[in-house]
Amino acid sequence: METVETDVLIVGSGPAGASAALALSTYGVPNIVVTRHARLADTPRAHITNQRTMEVLRDLGVEQEVVARATPQHLMGNTVFCTSLAGEELGRLRSWGNDPLVQAAHDLASPSRMCDMPQNWMEPVLVDAAVARGTRLRYSTVYKSFEQDTDGVTVVVEDRLRGDEYAIRAKYLIGADGGRSKVAEDAGLPMGGKMGVAGSVNIVFEADLSRYVAHRPSTLYWVLTPGATVGGIGAGLVRCVRPWNEWLIVWGYDVEGAPPDLTEEYALSVVRQLIGDDDIPVTIRSSSAWTVNEMYAESYSNGRVFCAGDATHRHPPSNGLGSNTSIQDAYNLAWKLKLVLDGAAAPSLLDTYTDERAPVGRQIVTRANKSIGETAPVFDALDLLTPQSPEQLLANMESRKEATPAGEKRRARLREAIDFKRYEFNAHGVELNQRYASAAVVPDGTADPGFDRDPELYHQPSSRPGAKLPHAWLTAGTRTLSTLDLGGGGRFTLLTGIGGEAWVAAARAAGAELGLDIATAVVGPGREYEDPYGDWARLRGIGDTGALLVRPDLYIAFRRADGAADDAEARAVLGTALRRILGRD
Ligand code: FDA
């Protein structure tokens, strides 16, 4: 059998595989992607793209392309609850950072804006950039099996064009092959949770719905209508794919029974029920059935085989965490593979991938499933959960308009229930508060201060090792740039202030000794970077002479609040920290 060689073989061209390829090619690591189909994603699937993902894409040089194609944040922002699009509106929630207070938090948290980028638009951006930077991509190529030894992994793939099989020999294999991952199964990754919790149907269609949505622009319209509590994701959902002509409906079915027969007639009947206006012309594009899952891998790797994305966490679309987490997994793994392949880090650095990402996977699976349950109180506020005649259901909804104590109580319960959905549609903390604890993070001896406010709703920046580098706007001459722009690019970065020059010299010395390219930045008046607003001084958690060592994925690896006694101490302290992070101590 013919054998092809590469450093990293990636199975799958979804958000996880495509972004792994993009990051590896950006860092100069040879890689091949094999993907089952003759195309990328052909349906919109994941869409909410949060600030952390946009920061990753910013570092990988494709943020502007995504911004140019995505639906902007201000059109995402009214989550509407209604009886149908043409029917009665029950309430709205300012969502995805569009509440003025949350918008301010978004502006403060990141240089990047959240947006809505359908997966079938996102994948080509990632894949095109990856291929332009060196990724070799093979469509119609199916992963069949792998065998690993101490030096590498031999993977058998089937070329569906030629109808034959060949082997690819790689130093590492990434299984980014989605929710039915054969790589994860063959690697024997231990999984917690369960699959098939509820049944769902996606219906993609075209219709000009401007008259029902343009005055309340949103990514999501939730429909409370008979049948909407069966299976699915908590209610009938009309999701905007492209304003205001392309749509995707998510509708549930009872997972104990067979999935519905997805005829055009069935799809049209669901679309008509949720729009509530039979005169609107509708073109059905596709329908597919899927199940809501609640499953996460407890380990993301076995030897030289690593899994990322839905291969390791399977959950409903609530909170929009699917492709975001997948892209962030890949970003966490790519720089570690690069350093290990270069010989700059010991293979043990790769163990930190599971240590850092598995808790995140578990957290987001739990959060996404919890969000489904939190839609029930909206129905309950209107007394729609118990089986009743359609007339009675209608009467219950109408009773919220009554000038009676019962009517007032119903109105209050409905407002509260809708407001509580902030945990799904405005969970800024879920999106940005991840803290890593692993051997690739050097504790600085400070106690974990925890969170001042609800950690799911509110982002709290921190410079404590294991936290994401806080964002602050700096200047360099006439240029304005984020602290995040000082790091990334596959390199470690050392940040210090006036009087911290010993750390800069130490970073250079450690880089030369360990074979690393370490960027350095001194922030202060008259230096290369200035902090005119004083924001960085407030956020950095160190004095002018202290130091932060930032990993290539923009997480803080090491912090020293004050200056070193002298150059020798700075060298010793930073060298020890780096050796520990790289597994070379
Ligand atoms: P993903 O499934 O995207 O990619 C897997 C890749 O592996 C594909 O390229 C596939 O062809 C390839 N592959 C699989 N087996 C292979 C093999 N044996 N050999 C070679 N290649 C193989 N999420 C969300 O947040 N909001 C939403 O509305 C939706 N809606 C939605 C609808 C549908 C129909 C699906 C299937 C999924 C969603 N999702 C979603 C989930 C979201 O799409 C998902 O979280 C991400 O795509 C995960 O990205 P991955 O790259 O991990 O897997």
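Atoms within a ligand are numbered from 1 in the order they appear, just like the ligands themselves.
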Discussion item. Check this for me, if you would: do E123 and R45 make a salt bridge, where the nitrogen-to-carboxylate-oxygen distance has to be below 4.0 angstrom?
Written reply: no
Worksheet item: Should you measure from each heavy atom of V142, which atoms of ligand 1 turn up under 4.0 Å away?
Response: 18 (N), 19 (N), 20 (C)
Worksheet entry | atom 4 (O) of ligand 1: nearest protein contact (heavy atom, Å) | G14 CA, 3.6 Å
Worksheet item: With backbone taken as N, CA, C and O and side chain as the heavy atoms from C-beta onward, which portion of S326 lies under 4.0 Å from ligand 1: side chain, backbone, both, or neither?
Response: side chain
Worksheet item: Can you find a side-chain donor-acceptor pair between S210 and D208 that sits under 3.5 Å?
Response: yes
Worksheet entry | Donor + acceptor pair across side chains of D329, H313 (<3.5 Å) | yes
Fill in: Of Y331, Y300, Y172, the residue whose pairing with Y353 passes ring pair (Phe, Tyr, Trp, His ring centres under 6.0 Å)
Y300
Worksheet entry | Which atom of A207 lies closest to which atom of V282, heavy atoms considered | CB-CG2, 4.1 Å
Worksheet item: Between T141 and ligand 1, which residue portion shows a heavy-atom distance shorter than 4.0 Å: side chain, backbone, both, or neither?
Response: backbone
Practice prompt. Say whether P15 and ligand 1 are in contact under the criterion: heavy-atom distance to a ligand atom below 4.0 Å.
Written response: yes
Fill in: Electrostatic pair D310:R180 at N-O distance under 4.0 angstrom
no
Discussion item. Could you tell me, atom by atom, which parts of ligand 1 come under 4.0 Å of a heavy atom of Y143?
Written reply: 17 (C), 18 (N), 19 (N), 20 (C)
Fill in: ligand 1 atoms in contact with R239 (distance to a heavy atom under 4.0 Å)
28 (O)
Fill in: E356: which of R551, K468, R435 passes salt bridge (charged side-chain N to carboxylate O under 4.0 Å, His left out)
R551
Discussion item. Among all the protein's non-hydrogen atoms, which is closest to atom 22 (C) of ligand 1, and how far away is it?
Written reply: R36 CB, 3.7 Å
Discussion item. Only heavy atoms of A176, strictly under 4.0 Å: list the atoms of ligand 1 that pass.
Written reply: 5 (C), 6 (C), 7 (O)
Worksheet item: Looking only at heavy atoms, is any part of K144 under 4.0 Å from ligand 1, and if so is it the side chain, the backbone, or both, or is it neither?
Response: neither
Worksheet item: Taking both backbone and side-chain atoms of G320, is any N or O found less than 3.5 Å from an N or O belonging to ligand 1?
Response: no
Discussion item. With respect to S13, determine whether any N or O atom, backbone or side chain, lies less than 3.5 Å from an N or O atom of ligand 1.
Written reply: yes
Worksheet entry | Residue among V29, V33, I10, T6 satisfying side chain to side chain contact (heavy atoms under 4.5 Å, CB included) with T135 | V33
Fill in: ligand 1 atoms in contact with G309 (distance to a heavy atom under 4.0 Å)
52 (O)
Worksheet item: Is the closest heavy atom of T35 to ligand 1 under 4.0 Å?
Response: yes
Worksheet item: Taking 4.0 angstrom as the limit, do R52 and E55 come out as a salt bridge?
Response: yes
Discussion item. Distance under 4.0 Å to a non-hydrogen atom of H37: what atoms of ligand 1 satisfy this?
Written reply: 11 (O)
Item to complete: Using a strict 4.0 Å cut-off to heavy atoms of N202, name the atoms of ligand 1 that fall inside it.
Response: 32 (C), 33 (C), 34 (C)
Response to the item:
Contact region, Q119 to ligand 1, non-hydrogen atoms below 4.0 Å, reads side chain
Worksheet item: Which atoms from ligand 1 have a heavy atom of G178 less than 4.0 Å away?
Response: 2 (O), 5 (C), 53 (O)
Item to complete: With R242 as the cation and W121 as the aromatic partner, state whether NZ or CZ is under 6.0 Å from the six-membered ring centre and within 45° of the axis.
Response: yes
Worksheet item: Do any nitrogen or oxygen atoms of W290 come within less than 3.5 Å of a nitrogen or oxygen of ligand 1?
Response: no
Discussion item. Closer than 4.0 angstrom, basic N to acidic O: yes or no for R367 and E374?
Written reply: yes
Worksheet entry | Heavy-atom nearest neighbour of atom 46 (C) of ligand 1 within options D310, I48, V11 | D310
Item to complete: Could you go through the salt bridge (Lys or Arg N to Asp or Glu O under 4.0 Å) check for D149 and R304 one step at a time?
Response: CA-CA 9 Å; D149 51 55; R304 291 174 171 270; 5.8 Å; no
Worksheet item: Quick one: nearest non-hydrogen protein atom to atom 12 (C) of ligand 1, plus distance?
Response: G12 CA, 3.7 Å
